[in-house]
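Notes to accompany the following structure.
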Protein chains: 2
Amino acid sequence: MSTIKDIARETGLSLATISKYLNGGHVLDQNRERIEAAITKLDYKVNYFARGLKTNRSMTVGVLLPTISSPFFGRVVAAMDGRLRQCGYHSIVCSYDFDPQLEQEQLRLLVNINVDAIVFVPQQIDAATLTSIVQNVPVVLVDRAIPDYRCDAVVADSLNAIYSAMEALFRKQHSRIGLIVGPQDISTARERLIGYRRVHEDYHIPVDEELIQVGNYDLESGYRLFNALMDLEQPPSAVCVTNYDMTVGAITAAHERGIALPEQVDFIGFDNIDLCQVVTPPLPFVEQPMDEMGREAARIVLQRLDGGKEPPQLLRLKSKLSHV
Amino acid sequence: MSTIKDIARETGLSLATISKYLNGGHVLDQNRERIEAAITKLDYKVNYFARGLKTNRSMTVGVLLPTISSPFFGRVVAAMDGRLRQCGYHSIVCSYDFDPQLEQEQLRLLVNINVDAIVFVPQQIDAATLTSIVQNVPVVLVDRAIPDYRCDAVVADSLNAIYSAMEALFRKQHSRIGLIVGPQDISTARERLIGYRRVHEDYHIPVDEELIQVGNYDLESGYRLFNALMDLEQPPSAVCVTNYDMTVGAITAAHERGIALPEQVDFIGFDNIDLCQVVTPPLPFVEQPMDEMGREAARIVLQRLDGGKEPPQLLRLKSKLSHV
DNA sequence: TACAATAAGCTAAACGTTTCGTTCTAATCT
DNA sequence: AGATTAGAACGAAACGTTTAGCTTATTGTA
């Protein structure tokens with residue numbers, strides 16, 4: 001591997017000049033050409049470690065997800081990465097596969113490899129542990145908040161999303177609406193349930209607790225809980241499902257029982273654009289603003305990396321209901 | 001941030017001794033205690049850049065995927081990461097979102113940040129470009145090979161997987177079997193089609209080209225192509241789908257048409273364990289050895305990182321048919 | 001013409017580790 | 001007791017950059 005010294009020798013210039021060139025500084029045209037020639041000739045690449053050692057920057061943003069196999073997070077990360085890339089940053093992703101132990105370990109890893117900032121979808125970690133691990137690395141939470149932890153966060157407004165979805169169903173004269181919701185230790189899943197209760201209150205419609213089914217956000221629970229709803233003595237006339245995988249499970253269950261969606265049982269899915277659009281007729285679904293979440297996360301990261309000292313902001317982005 | 005020098009000062013020992021301790025060397029018990037005390041007191045962390053600069057190692061393996069939202073790759077990566085972690089390595093993931101431009105860029109990124117090895121699921125890149133980018137960083141291909149590129153690779157034996165699946169259907173007296181296969185620029189998708197043709201040859205059953213439907217590996221194409229098959233003048237009596245998302249699409253399409261799987265149309269899915277197991281009755285599916293692929297990829301990576309100079313190995317792992 | 005201001009390049013120190021070769025200490029052997 | 005040796009710690013150089021401070025050359029201005 002050739003170094004900056006080799007380039008200096010080859011061109012007859014000093015280290016400082018080469019370095020200046022590499023970092024976008026101005027050098028004489030004639031020297032610039034010589035440097036560029038030498039770089040290609042010697043196949044020079046700047047040494048990431050040496051540069052990082054001097055500058056204390058890696059130009060890298062670490063992303064930590066509960067799982068790497070989620071279309072939802074995948075889309076958010078893609079949007080974020082695109083934006084960061086424009087500004088010379090790169091993102092690298094880790095996941096903890098829903099393991100609370102690994103959640104902390106991976107966070108430590110990211111800090112250890114000196115990412116300049118962390119974008120994090122938390123699950124179990126508490127405020128104190130997180131603080132002690134990340135020290136002064138900027139953290140932006142995505143999709144979920146952590147109780148009692150003040151920091152930048154970009155989430156979708158789950159409460160209002162469910163609220164509007166339910167309103168749409170109320171307007172169609174449904175009053176028994178099943179809800180398949182996520183684990184209640186996840187902030188946004190809690191909010192979705194709150195939205196469900198609140199809209200009932202506001203419309204003076206009593207909540208039947210049987211209609212609230214709490215799942216694990218996976219396909220199987222969507223399937224199982226849809227069936228559970230239909231097996232009630234008084235099944236709901238409409239069902240609302242609150243994430244991607246559970247939507248697949250619920251639709252499958254409905255199909256299998258020969259229930260026509262939305263004619264026989266009205267239906268609102270979540271996030272699963274592909275499936276909801278592909279079925280006939282297309283089903284309405286709540287679409288969280290994945291791209292916007294990614295872009296906003298990137299914006300906040302860049303702002304922090306730029307030394308921004310504003311107080312932490314909690315960004316609550318609007319979801320939209322595809323159609324009704 | 002405190003450095004090794006601060007620890008030296010605090011303990012009265014030399015830099016060399018602290019470094020020795022940090023790297024697992026033997027120091028007097030009494031000194032060990034002093035060092036450990038100082039480390040916690042000063043909250044010392046070794047500087048990743050400085051260490052990397054000296055050692056030329058990052059203890060990090062880069063993973064590059066076509067997309068970050070795939071349950072299949074997610075599982076492979078999880079298995080791999082687990083194994084690498086045991087040996088002190090960590091994996092970081094990037095994706096190129098099916099963009100050939102980004103595929104190269106991300107590869108360069110991984111090389112630039114000095115990952116010790118790269119695990120790569122390629123799509124468009126050609127042998128020459130890849131070689132020129134990765135130089136002497138060990139590369140292990142996963143799930144797919146690259147034409148004319150000799151290097152370590154771990155793939156599932158797609159040809160035989162389809163072969164056995166088809167055999168099972170032949171044995172049940174099906175002779176018109178629809179195939180929904182992936183893009184033919186992906187090596188393993190090609191192999192799946194070859195397997196389909198070969199088993200027909202071997203069983204002396206003519207191939208009706210209409211029954212071969214080429215999709216994009218996404219949900220929509222599974223849905224659309226299943227419908228296309230059913231809309232044929234002579235629809236197949238069985239259908240075989242060859243990846244996760246297309247399996248969802250195909251099952252949905254069948255359900256919608258009121259086709260009972262597998263009674264009315266026999267069916268074999270692919271990879272989608274969740275969905276195929278959840279439907280009633282459970283559907284057979286080809287299960288690629290995701291965990292094994294991950295573990296084997298890790299094993300080869302570790303072997304290379306250990307200086308192994310064996311010729312490149314192409315590992316072809318057996319898939320299994322869940323049941324028939 | 002003299003002098004300030006600007007531009008370009010240079011020298012050298014620093015970033016925080018690891019490691020080679022050496023010295024010191026104490027234990028073991030004859 | 002003296003020679004040998006192993007173990008532990010040490011000193012100093014090196015890894016490949018960036019950058020502050022300085023020198024020199026060039027341009028513009030009074």
Side-chain angles (χ1 to χ4, degrees), chain A residues 1-39 41-60 88 111-116 135-137 305, chain B residues 1-39 41-60 88 111-116 135-137 305:
Chain A
M1 275 280 96
S2 58
T3 79
I4 215 175
K5 281 183 196 161
D6 300 316
I7 305 294
R9 191 174 321 118
E10 179 81 15
T11 56
L13 296 166
S14 76
L15 294 188
T17 306
I18 314 295
S19 175
K20 189 178 176 189
Y21 165 83
L22 290 173
N23 292 286
H26 210 310
V27 300
L28 289 185
D29 276 4
Q30 153 206 3
N31 290 334
R32 186 173 46 67
E33 282 162 22
R34 300 239 299 282
I35 295 176
E36 284 167 358
I39 286 180
K41 176 175 170 197
L42 303 181
D43 190 29
Y44 167 78
K45 306 233 165 47
V46 336
N47 182 308
Y48 176 78
F49 292 131
R51 174 177 278 180
L53 178 58
K54 273 306 280 189
T55 61
N56 262 317
R57 292 200 132 199
S58 60
M59 301 306 285
T60 293
V111 173
N112 281 345
I113 65 176
N114 277 280
V115 295
D116 292 336
Q135 317 243 32
N136 42 20
V137 181
L305 289 175
Chain B
M1 276 277 97
S2 58
T3 79
I4 215 175
K5 281 182 197 163
D6 300 314
I7 306 294
R9 191 174 321 118
E10 178 80 16
T11 57
L13 296 166
S14 76
L15 295 188
T17 305
I18 314 295
S19 175
K20 188 179 176 189
Y21 165 85
L22 290 174
N23 292 285
H26 210 309
V27 300
L28 290 185
D29 276 4
Q30 155 206 3
N31 290 334
R32 185 172 47 69
E33 283 161 22
R34 299 241 296 284
I35 295 176
E36 284 166 358
I39 286 181
K41 176 175 171 198
L42 303 181
D43 188 30
Y44 167 78
K45 305 229 163 51
V46 335
N47 181 308
Y48 176 76
F49 292 131
R51 174 176 279 180
L53 179 57
K54 275 305 282 187
T55 61
N56 262 316
R57 293 200 132 200
S58 60
M59 302 305 285
T60 292
V111 172
N112 280 346
I113 65 174
N114 277 277
V115 295
D116 292 336
Q135 317 245 31
N136 42 21
V137 181
L305 288 176

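The shown structure was predicted, so the numbers you read here are calculated from the model rather than taken from an experiment. Numbers restart at 1 for each chain; the letters A, B, ... are given by sequence-line order, proteins then strands.
Between Arg57(B) atom CZ and dC15(D) atom C1' there is a gap of 16 Å when expressed in whole angstrom units.
Side-chain proximity of Ala16(A) to dA20(D), dT18(D), dC10(D): nearest is dA20(D). Checked against dC10(C), dT17(D), dT17(C), the side chain of Lys54(A) finds its nearest nucleotide in dT17(D). Among the nucleotides dT18(C), dC10(D), dT17(D), the one closest to the side chain of Leu22(B) is dT18(C). Checked against dT19(D), dT18(C), dT17(C), the side chain of Lys5(B) finds its nearest nucleotide in dT17(C). Nearest nucleotide to the side chain of Asn23(B), out of dT18(C), dT17(D), dT11(C): dT18(C).
Note on Asn56(B): every side-chain N or O is 4.0 Å or more away from OP1 and OP2 of dC15(D). Between Thr3(B) and dG16(C) there is no side-chain N or O to OP1 or OP2 distance below 4.0 Å. Put simply, Thr17(B) has a side-chain N or O that comes within less than 4.0 Å of OP1 or OP2 on dC10(D).
Residues from residues 41-50 of chain B lying near DNA chain C, meaning a heavy-atom separation below 4.0 Å, are Tyr44(B), Lys45(B), Val46(B), Asn47(B), Ala50(B) in numerical order.
Between the side chain of Ser58(A) and the main chain of Asn114(A), a donor-acceptor pair closer than 3.5 Å is present. Within the 3.5 Å criterion, the main-chain N or O of Ile4(B) finds no donor-acceptor partner in the side chain of Asp6(B). Remark: side-chain polar atoms of Lys5(B) are not paired, donor with acceptor, to backbone N or O of Leu15(B) under 3.5 angstrom.
Of the listed residues (Ile39(B), Ile35(B), Leu42(B)), just one forms a side-chain contact (heavy atoms from CB on, under 4.5 Å) with Glu10(B), and that residue is Leu42(B).
The shortest side-chain heavy-atom distance between Asp43(B) and Lys45(B) falls under the 4.5 Å cut-off. Using a 4.5 Å heavy-atom threshold, the side chains of Asn23(B) and Arg51(B) count as touching.
Consecutive Watson-Crick or G-U pairs involving DNA chain D, each under 3.5 Å on both distances, make up stems of three or more pairs at C:1-30 with D:1-30.
The residue among Lys20(B) and Leu53(B) whose nearest nucleotide of DNA chain C is located toward the 5' end is Leu53(B).
For Phe49(B) against Arg57(A), the heavy-atom pair with the smallest separation is CZ-O, 4.1 Å.
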